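The next block holds one structure in the form of C-alpha cells; read it before the comments.
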Amino acid sequence: MYNGWCKMEQVLVQGWLSEFKTLPETSIPDFAAKLHKKSALQSAIHKVLATSQSELLEPLCHQLCEFVRSGNAMLYRFTLQFLPALITCLLTARASRDPRQACGSLEALLLALYNLEICNKDRSNKSFTIPSLSTPSVYHEGGNMGTMEMEPALTGHEATSQAFSGSLCHQETFTAQNRFDVLTFLLLCYNASISCMPTSSYLALCSMCSRVCVSGFEPQAQRWTEPRSRIALTADFMVLMLMGIFHSMYVHTSAPTSFRPSM
Amino acid sequence: MAGRRQGARFEADIERCRTESQWEKIIDIVKQFNKLVGGDEVGNLYLGEALLELHQKEVSPRDMSNPNRMSSARLTQAKECLKEVLKQKSLKEEVVQEAMLIMAKLHYLEGSAKNALSMYTHAHLDEINLVSAPTYKIRMLAEAHAIKGLCLQEQTLASPSRQTIREEHIVMCYEKAGDIALLYLQEMERVITSSQNRSPRPTMLATEQELGCFLEVALQNAQIFHIRNGYGTGRLHRIEGRMDGTIARQLAEILLRGICEQSYWKPLEDPPQDPPPTNSQQEDQEKQKPFTRARASVVHSLYCPQDNTEEALLLLLISESMANRDGVLSRTPEHNSDRMLSLQNATVIYDLLAIALGRRGQYEMLSECLDRAMKFSFEEFHLWYQLALSLASSGKASRAVMVLRECIKLSSDDPSIPLLAAKLCIGSLHWLEEAEKFAQQVVDLGDVAGEFQAKGHMALGLVYSLQATDEVNFPSHLLCFNFSSLNRAHTLAPEDYKTSFYLALQLAISRQIPEALNCTRQSLQLQGDNMDSLHLLALLLSAQKHHQDALNILDMALGEYPESFSLLFTKVKLEALCKGPDEALLSCKHMLQIWKACYSLSNPSDSGQGSSLLDRATAEKRHQQFMNLPDFSDPETGSGYYSFYLEWKVNETLHTYLFSPAEVYIGIGKPTEALACIQEAAGLFPMSHHVLYLRGQVSELRGNLDDAKRWYDEALAINPVHVRTMQSLGLVLQRLGRGGLAEKVLRDAVRVNSTAHEAWNNLGEVLQVQGQTCAAGECLLCALELEASSPIVPFNIIPRTL
C-alpha cells in the first residue's frame, strides 16, 4: 500500500521531468507560468524529497538546478518553495550514519541557489536602519514620545544604519565549516518571500524543524528505524527556523482575530 | 400652548445633551417632562439610549468581551423602553430608525450579533441620509457602521469561498464608520468653537475627540484589514493623529507575522495592484482631516521604514513608550486587575520586540528595551528570563549570570536555567567556582532534570577539568570527581557526541592514550565532521607517534574546515617534524593568507607573511568573535582577574598561531628571518611574554647566553608560569654555570606542568651535571615515558566550552 501511492507520485514526477526535457525553448515561459497552479505535482515532489534514497532525487535536483540557472523568476520561485524539504534532505543525510547516502546533486542545487542569491545586489548590499523615537517618523513626531524618565534612554541612540549581513563569498563546495552559512542565508531568502509560498511548503518547513530538532534524541526512536545522530545547529539558523514557523503559524488565519473592544 | 412651548424646549435640551453625551442629564429631563406632560414614546427612546450609554460606560471594557457578565438592571430597563418605542406604529420614521439603531447596539452588547444585524437591515442603515443631520446622529451612524462591521466579523461562515466577499463587506462597513466619524469630529470641532465663542466656560472639553470604544476598535480593525489584504495604506494617514499604543502594536504584529519582505510596501507608497486613488478623492480626504496633519509636504524629512521589520520595530517602539508611560505599577489590591492588564500588554510588546530585533540580531538593543521593562517585572519570570537571554546573546555575560540567578529563584525546577548560567560561566567568564555551583544545581535536580541531567554532569566534569588545568596544585581527589562526572554524563547520554568527546579529551590530558582514542572514535561515529573530535584524533595519533596518520586526519579535517587556524597550526608543527621546514613554511604562508582573506583586510600590500601580521590589529576585533571569546568592551567586567584572563587567553591563541613562522625559522636555525618575524610581532604585542621568549630563543641560537637569560627573565616577569620559558631558562642557567638556580627553575616548571617532558628532560640533564645521577635517572625516565605519550601540540589547545 505504501508502495502504491509512492508509485503514483513517482510516475507523476517522472512524467513531469520528461515533459520539461522535451519542451522547446520558446514555450518555457508558458510552462513556468502554469507551474504554481499544479498543487498535485508540488505535493508529489515533496513526497519524493521526503522519501529517503529515492532514485528520483538526483534527476529532480538536476532539473531544479536548471530552473535556478534559467534566470526565469517563476521557475526560481517554484524551486525556492522546496527549500525546506531540500534542507531536510541534506541535514538528515548528514546525520544518518549510512555513508552511502551521497547527495552530490542536492548540494550542487543548494550551492547554485546560494551563489545566485549572493549576486543579487538587492540582498547582499542591503543595510537596515534601527528606528529611534527621537527621530520623527511617518508615525510619530520626535520628542513628544515617552515620558521624562525615558528621555535619556531614547535620546541615547539615533536611528542608526547597519549592514545587513557580512560580505558573503562565493562557495564552490559544501564543507562542514560553510554548511550553515549557506543554509542560513538560503533560509533568509526563503523567509523573505515566505508569504508567497504554498501550503505544502509550510508543511515541509515545519516538518524540517521538528525533524532536525528531534534527530538523535529519544523521541526519534518511534519515527525512524535507522539510527540517526544529533544535528548541531547554529544559533542564527535556529532563529530563522523560528521566524519561518512563526510566519506559517499565522499565515492561514486570513483575518485578524476578531477582537472586541479591549484596552 | 404651554405644553407645546415646553415640548420645544424639551427637544432642544435633549438635542444639546445628546450632542454633548450628557446622559444623566437626559434621564433627569425626561423624568421631569414625563411628570409634567405624562408618558411620551419619544421620551422612552431618549431614556433607553441614555440608559444604554450609561451602562456601556459603567462596564469595564474587558467585560465587554464576555456578554454573560454584561446584563444589568439598566440594560433590561433600556430594552424595555426601546421595545415600547418600536411597538408604536404612529411614530415618525426617523424616530423609529433611531430606536432601531440603538436596539441593534443593545443586541450587540448582549452578545447577539445576528439580532443586531437584522435590526440594521430593518433600519435600512445603508440608505440613511447624512445631509443636515444633527451631530449626535452622525455619531450614532458612525457607531452603527462600526458595530455592523464587528458583527459581521464575529459571524462564522459555512463556506470559505464567501470569506473574501464577507471581508470586503466588513472593510466597507469600517471605512464608512471611519468616514462618518471624521465628519462627526469635524462637526464637533465646529460646535466646540462656536460654543466657546458664546460662553467662556469650556463645557465640552471632556467629550472632545472622544469617539467611543466601538469606533476606536472599528478603526483599528479596518487598519489591520487594509494591511492584510493590501488595500491602500493611504488610509493610514486617516488615523495617524490618533495613533495609540494598541493599534501600533497590532499593526506591528501583522507586519511581523503576515508580511514578508517581498509582499511589503512602504507606508507612504501605494500597495501593488491597488487602483490609484483619484485626485479629487484625495483632496476630499485632505479636507476631511482636521485632526490629521497634512504631512505630505514634510514627509521627506521624516524617517520612513524600508522593510516590514523596520516598520514593525518603529511601531513597537512607539507602543513600548506608550505602555511605559501608561503602565499601572501600583501593587495595591484595587489596582491589581489594571496592573495585570498593563503587564500583559507590556509582555506582548516585549515579546514582539524580541521577535523583531532577533531577526536582525540586535540583542544589545533588545536588552536595553527589556531593561526598561524591569519596572513591570517584579517576580515575573518571563520578562526576567527574556532579559537574561538578551544579555547573554549580546555578550554581556556577567550581567546575564546575575539575572539568571534571579530567574533560578523564580523558577527553581527548570534545569535549563542553571545550565545556561554554567555555560556562560565556563565559556566567556571563566568563573569556574560559580560554574561549579550552577552545574551542581542541575545535577541536584536529579531525574527532574531529564535530558539535562547528562549535560549537568558534563558541565561539572568540564569545570573540574578546567580547574585542574588552571591551578598548579589541583587536589587529586577532584580529578576523580572529574572522571566520575564525565563518565556519568556519558552513561546518561551515550548518543551525545559531546559527552564522549570531553571524556576522550580528559583521558587524553591525563595521558591514557588508547582509552582516549576509543572514546574519540565513538564521538566521531556520532558526529563525523566535528572539528574538535577530528583535531583530538590527530593529536592522539601524534602522541602515539603515528605522524603520517595524524597528518592524513588533519588534511581531511582541513577539507571540512579550511579556515580553522588551530588545525592549520597543528599541521605546521607536524609538517615541521616529519616533512621538514620547507613544507612547514609553505603551510605557514597558507595559514597567513587565509587569515588575510578571511578578514578581508584593507591593506593590499605584498603577500609576504610580515604584512599579514601587521594587518592583524585591524582584524583583532573580528578575530575575537572567531575565537568565541567575549567582548572586551563589556563595561561590567569588574574583576581584574577576569580581564587579565581574557587578555591572556586572546594573546595565547594569537601567539600560537602568529608566531609559528618565527618558531619554524628558529627550528631550522635561521635567526635573522626569525628575528624579522618577531620584531614585526613585537610592534603588535610589546608586552607579550611570547615575544620575549622568542627573542631569548634567537639570542640563544646566536650563542649570546646573557642576552637570552635577560629575555627569559623578562618573559617570566610577565608570565611567571610559562613553562617553555622556564625550561629554556633552566638550560641557559646551567650553561652559565649556575646549576642550583637552574635546578630550581626547572623544578618549578615541572610543578606547573607535570606532563612537560622537555622540562623533565632538562631537569634530568641539570641534575646529572650536578652529580645527582640517581635523581637525574628518574627524571630522564619520567621524561622518556611522558615523551612516549606526548602529542605534537598540547591537548589543551582544544577549547573546552559547554
Side-chain angles (χ1 to χ4, degrees), chain A residues 94 97 99 126 128-133 135-140 142 145-147 149-150 153-154 156-157 159 162 164 167 169 175-179 191-196 216-218 227 229-230 232 235-236 239-240 242-243 246-247 249-251 253-256 258-263, chain B residues 61-62 64-65 150 153-154 163 167 213-214 216-217 221 224 228 240 243 246 250 254 257-263 267-268 299 302-307 310 313-315 317-318 321 324-325 355 358-360 362 365 368 372 451 495-497 525-527 529 531 559-564 600:
Chain A
R94 286 271 157 216
R97 296 171 203 169
K126 206 173 156 188
F128 71 95
T129 310
I130 301 171
S132 153
L133 290 190
T135 326
S137 76
V138 289
Y139 286 116
H140 77 292
M145 282 287 164
T147 52
E149 57 169 320
M150 282 182 55
L154 291 176
H157 81 99
Q162 296 204 6
F164 192 61
S167 57
C169 22
T175 63
Q177 186 178 277
N178 71 10
R179 185 181 308 143
N191 278 345
S193 47
I194 191 166
S195 45
C196 321
F217 286 89
E218 298 271 314
S229 38
R230 299 186 179 182
D236 289 340
V239 168
L240 289 173
L242 284 176
M243 251 177 78
F246 180 67
H247 193 97
M249 263 164 67
Y250 291 104
V251 83
T253 52
S254 61
S258 150
F259 47 92
R260 281 168 159 259
S262 67
M263 257 276 290
Chain B
R62 253 169 310 124
M64 233 173 252
S65 51
L150 287 171
Q153 211 176 330
E154 266 175 40
Q163 183 82 11
E167 271 186 28
C213 58
F214 287 111
E216 295 279 356
V217 168
N221 283 8
I224 287 160
R228 264 220 70 86
E240 77 187 300
M243 175 69 85
T246 319
Q250 279 158 348
I254 297 297
R257 69 188 193 191
I259 305 279
C260 67
E261 277 165 52
Q262 290 233 323
S263 57
L268 295 177
V299 133
L302 298 175
Y303 166 71
C304 180
Q306 299 300 307
D307 67 17
E310 270 181 36
L313 208 52
L314 175 65
L315 288 164
L317 287 175
I318 291 173
S321 88
N324 266 315
R325 193 185 54 197
I355 291 169
R359 280 190 187 178
R360 295 283 182 262
Q362 297 298 313
M365 183 169 168
E368 282 166 18
R372 294 199 286 269
E451 293 256 350
E495 71 278 8
D496 187 357
Y497 73 94
Q525 251 169 16
L526 294 169
Q527 193 75 34
D529 50 15
M531 182 175 82
E560 291 289 328
Y561 300 91
E563 288 165 6
S564 159
S600 55

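So you know, we letter chains A, B, ... as the sequences are listed, proteins then strands, and number each from 1. None of the values given here were measured: they were computed from a predicted structure.
In this structure the side chain of Leu526(B) never reaches within 4.5 angstrom of the side chain of Arg230(A), judged on heavy atoms. Residues Asp529(B) and Arg179(A) are in side-chain contact: their nearest non-hydrogen atoms beyond the backbone lie under 4.5 Å apart.
Across every non-hydrogen atom of Thr175(A) and Gly559(B), the tightest pair is CG2-O, 3.2 Å. Summarising the geometry of Arg359(B) relative to Phe246(A), their closest heavy-atom pair is NH2-CD2, 4.5 Å, with the distance given to 0.1 Å.
Taking Asp236(A) as the reference, nothing meets the salt bridge (Lys or Arg N to Asp or Glu O under 4.0 Å) condition, with sequence neighbours excluded.
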